[in-house]
Amino acid sequence: AAPIFAINLLSTRSFQYVPTEQYQILVIPGLVIAGIYGGAWVWDRIKNRQTGDRSRTGNAEAQRRGDAENVRNVGANLARPPSVPPPAGGGVRLGLGAWLLWAQVLLVAALNIPMRNPVISTFRNHEDPARVALMERMKQLIPPDASVAATSFLAPHMIPRQYIFFATGGKMHVPIDAAQYVFLDLRASGLVGTEIVPRLRSDPRWQVVLEADDLLLMRQVDPNT
């Protein structure tokens, strides 16, 4: 994972080093493998420590008492298969390793909610069927051979089409003015903090085709005609 991590960390493009973009995906396999080996190492250290404590206690007791029955019990425990734990009184007790694993699971689950996990977002941000039907009706106003710049959730409604641009893209994306039509969901998080909508509304080259329920469809025209 080190080369990919270094490339992203040293990049001057913010999209590569922020944790909300996809450029970190190639680091994840290395982190998973490291987590498996690291977890196994911690688990073995804890088990070896507990086994050593029990062995020292057992030896001291055998030497102090010199009891033949105790020696036979120790021999029976040593002969027991490793997969069969010695009988213990009381309920199940979680060791430190188990608590650490549970803490890791809970931490990852908690981080997935604010980091916009796609599975959670699918259920949390589901669209109203009436609004989806409106999207489809507005789509019919766009010629099938026209290029369209659309926000994320509207782009799938444009398929099939030869040219679909990301309406809220950065410097590495196709400029929004290269499209013939713009289809925007004004509720899209990608529009927050941008001046895209006010700029398009004030630009004489862009004309509103239809606007309803926070959905905006515009087309580019020649201002001299």
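Keep in mind that the numbers below use all heavy atoms, side chains included, and drop hydrogens, waters and symmetry copies. It should be emphasised that the depicted structure is a prediction, and the values quoted were computed from it without experimental measurement.
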Side-chain atoms of residues 140-151: list all donor-acceptor pairs with protein atoms under 3.5 Å, sequence neighbours left out, distances to 0.1 Å.
residue: Ser147; atom: OG; partner: Gln180; partner atom: N; Å: 3.1
residue: Thr151; atom: OG1; partner: Asp185; partner atom: N; Å: 3.1

Scanning both residues in full, the closest heavy-atom pair of Ser152 with Phe166 reads OG-CE1, 3.4 Å
Does CD belonging to Gln104 count more than 12 external heavy atoms closer than 6.0 Å?
no
Do Asp177 and Trp206 touch side chain to side chain, with heavy atoms closer than 4.5 Å?
yes
Verify the cluster assignment for Leu134 and Val209: are they in a single hydrophobic cluster under the rule of side-chain heavy atoms below 4.5 Å apart?
yes
Are there over 12 heavy-atom neighbours, none belonging to Ile25, within less than 6.0 Å of that residue's CD1?
no
Using the salt bridge (charged side-chain N to carboxylate O under 4.0 Å, His left out) criterion, which residues pair with Asp214? Sequence neighbours excluded.
Arg187
Tyr181-Met135 co-clustered via ILVMFWY side chain contacts under 4.5 Å
yes
Euclidean distance, Arg137 CZ relative to Leu215 CG, rounded to 0.5 Å
10.0 Å
With clusters built from Ile, Leu, Val, Met, Phe, Trp and Tyr whose side-chain heavy atoms come within less than 4.5 Å, directly or transitively, what are the remaining members of the cluster of Trp43, listed by chain and number?
Leu101
Does atom CZ of Arg199 have more than 12 heavy-atom neighbours, drawn from other residues, nucleotides or ligands, at distances under 6.0 Å?
yes
Co-membership, hydrophobic cluster, residues Met138 and Met218, 4.5 Å side-chain
no
Would a 4.5 Å heavy-atom cut-off, applied to side chains only, mark Leu26 and Asn8 as touching?
no
In one Ile/Leu/Val/Met/Phe/Trp/Tyr side-chain cluster, 4.5 Å: Leu210, Val208
no
CD of Gln24 to CD of Gln22, rounded to nearest 0.5 Å, is 9.5 Å
Interatomic distance, CH2@Trp102 vs CG@Leu107, rounded to 0.5 Å, equals 14.0 Å
Can you confirm whether Leu200 sits close enough to Ile176 that some side-chain heavy atom of one is under 4.5 Å from a side-chain heavy atom of the other?
yes
Counting only heavy atoms from other residues, nucleotides and ligands, does the tally under 6.0 Å from CZ of Phe153 exceed 12?
no
So His157 and Val132, do their side chains get closer than 4.5 Å, heavy atoms only?
yes
State, with a plain yes or no, whether a side-chain heavy atom of Leu216 is found less than 4.5 Å away from one of Arg201.
yes
Single-linkage hydrophobic cluster Val32~Val105, side-chain heavy atoms < 4.5 angstrom
no
In short, Pro204 meets Val221 closest at the heavy-atom pair O-CG2, 4.0 Å
Test item: Gln220 and Asp203 side chains (from C-beta on) under 4.5 Å apart, heavy atoms
no
